[in-house]
Amino acid sequence: MSVRIRRVYEAPEAGDGVRVLVDRLWPRGLSKDAAHVDEWPKGLTPSTELRRWYHAGERSYEEFADRYEAELATPEAAELIDRVRELADKGAVTLLTSSKTPEQSHAAVLARLLQE
């Protein structure tokens with residue numbers, strides 16, 4: 001299984017495989033053609049409340065990750081996770097985010113869960 005994380009603003013690469021946008025909001029200043037997004041499962045994104053809480057200031061990434069994992073325990077999110085896992089079992093999947101620090105974002109939490 002091959003799952004990796006990239007910023008959506010980076011140019012697509014041949015090894016990206018299926019490109020999955022995992023942000024709730026469309027990235028600013030990026031056209032849909034330029035993004036080359038294959039899937040956009042909004043049900044896998046952190047809730048607006050959790051996103052705002054995390055970006056409000058002195059919040060730990062670990063606590064954010066725990067809260068996000070709890071949100072992903074819903075039946076809808078579980079179905080979407082299974083869908084992305086199926087894609088990853090067939091080939092490369094790239095999780096796309098506009099986060100400036102993808103390694104400390106919801107995309108990293110999601111990538112870890114997909115590979116478990």
Side-chain angles (χ1 to χ4, degrees):
M1 176 181 297
S2 174
V3 176
R4 69 180 186 163
I5 304 166
R6 296 189 65 217
R7 292 199 71 223
V8 69
Y9 298 107
E10 297 171 343
E13 294 179 355
D16 284 349
V18 178
R19 293 171 52 90
V20 181
L21 179 63
V22 293
D23 288 350
R24 184 169 300 270
L25 304 174
W26 188 262
R28 281 188 186 172
L30 188 65
S31 72
K32 292 191 179 190
D33 288 339
H36 297 280
V37 170
D38 298 307
E39 306 234 352
W40 188 14
K42 293 179 188 174
L44 283 183
T45 63
S47 66
T48 300
E49 296 79 19
L50 180 58
R51 202 170 29 85
R52 287 181 180 160
W53 173 86
Y54 184 49
H55 295 294
E58 302 292 319
R59 311 295 187 195
S60 78
Y61 175 71
E62 291 75 20
E63 186 175 356
F64 166 76
D66 289 344
R67 289 180 179 207
Y68 179 45
E69 283 186 46
E71 288 187 355
L72 290 174
T74 67
E76 177 193 5
E79 271 185 48
L80 293 170
I81 288 172
D82 288 344
R83 164 83 178 126
V84 176
R85 262 197 200 110
E86 288 172 12
L87 293 170
D89 286 341
K90 294 176 185 173
V93 169
T94 299
L95 303 179
L96 301 170
T97 181
S98 60
S99 173
K100 291 180 183 176
T101 54
E103 65 283 348
Q104 289 228 314
S105 73
H106 63 287
V109 175
L110 187 54
R112 182 177 42 79
L113 289 175
L114 286 166
Q115 293 176 354
E116 287 181 348

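Starting from 1, each residue takes its place in the sequence as its number. Every value quoted in this text rests on a predicted model; they were computed, and no experiment measured them.
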Same cluster (ILVMFWY, side-chain, under 4.5 Å), Leu113 and Val93: yes

Gln115 side-chain N/O to Val3 backbone N/O, donor-acceptor pair under 3.5 Å: yes

Whether Tyr54 and Phe64 hold their rings parallel, tilted or perpendicular, with breakpoints at 30° and 60°: parallel

Non-hydrogen atoms of Val22 and Ala107 that approach each other most closely: CG2-CB, 4.0 Å

Approximate separation, where rounding is to 0.5 Å, of Arg85 CZ and Leu114 CG: 5.5 Å

Short side-chain to backbone donor-acceptor contact, Glu71 and Ser47, under 3.5 Å: yes

Distance-minimising heavy-atom pair for His36 and Pro12: CD2-CG, 3.1 Å

From CG (Leu95) to CG (Asp16), nearest 0.5 Å: 10.5 Å

Verify same cluster id: Leu87, Val8 (apolar side-chain graph, 4.5 Å): no

Minimal non-hydrogen separation, Asp23 against Ser98, with atom names: OD2-N, 2.6 Å

Single-linkage hydrophobic cluster Ile5~Trp40, side-chain heavy atoms < 4.5 angstrom: no

Which atom of Asp38 lies closest to which atom of Gly17, heavy atoms considered: OD2-O, 3.7 Å

Donor-acceptor contact present, side-chain Arg24 to main-chain Pro46, <3.5 Å: yes

Contact summary for Pro102 and Thr97, nearest pair of heavy atoms: CB-CG2, 4.0 Å

Worked verdict on Ile81 versus Leu110 for side-chain contact (heavy atoms from CB on, under 4.5 Å): CA-CA 8 Å; Ile81 288 172; Leu110 187 54; 4.2 Å; yes

Working for salt bridge (Lys or Arg N to Asp or Glu O under 4.0 Å), residues Glu86 and Lys90: CA-CA 7 Å; Glu86 288 172 12; Lys90 294 176 185 173; 5.5 Å; no

Contact summary for Leu96 and Ala35, nearest pair of heavy atoms: CD1-O, 4.4 Å

Linked, directly or transitively: Val37 and Val18 (ILVMFWY side chains, under 4.5 Å): no

Val20-Tyr68 co-clustered via ILVMFWY side chain contacts under 4.5 Å: yes

Student check: side-chain heavy atoms of Leu25 and Arg51 closer than 4.5 Å: yes

Glu63 with Arg67: basic N within carboxylate O range, under 4.0 Å: yes

Check: Ser99 side chain, Thr101 main-chain N or O, donor-acceptor pair, under 3.5 Å: yes

Gap separating the CD atom of Glu62 from the CD atom of Gln104, nearest 0.5 angstrom: 7.0 Å

Verdict with reasoning, Tyr9 to Arg28, per side-chain contact (heavy atoms from CB on, under 4.5 Å): CA-CA 10 Å; Tyr9 298 107; Arg28 281 188 186 172; 4.2 Å; yes

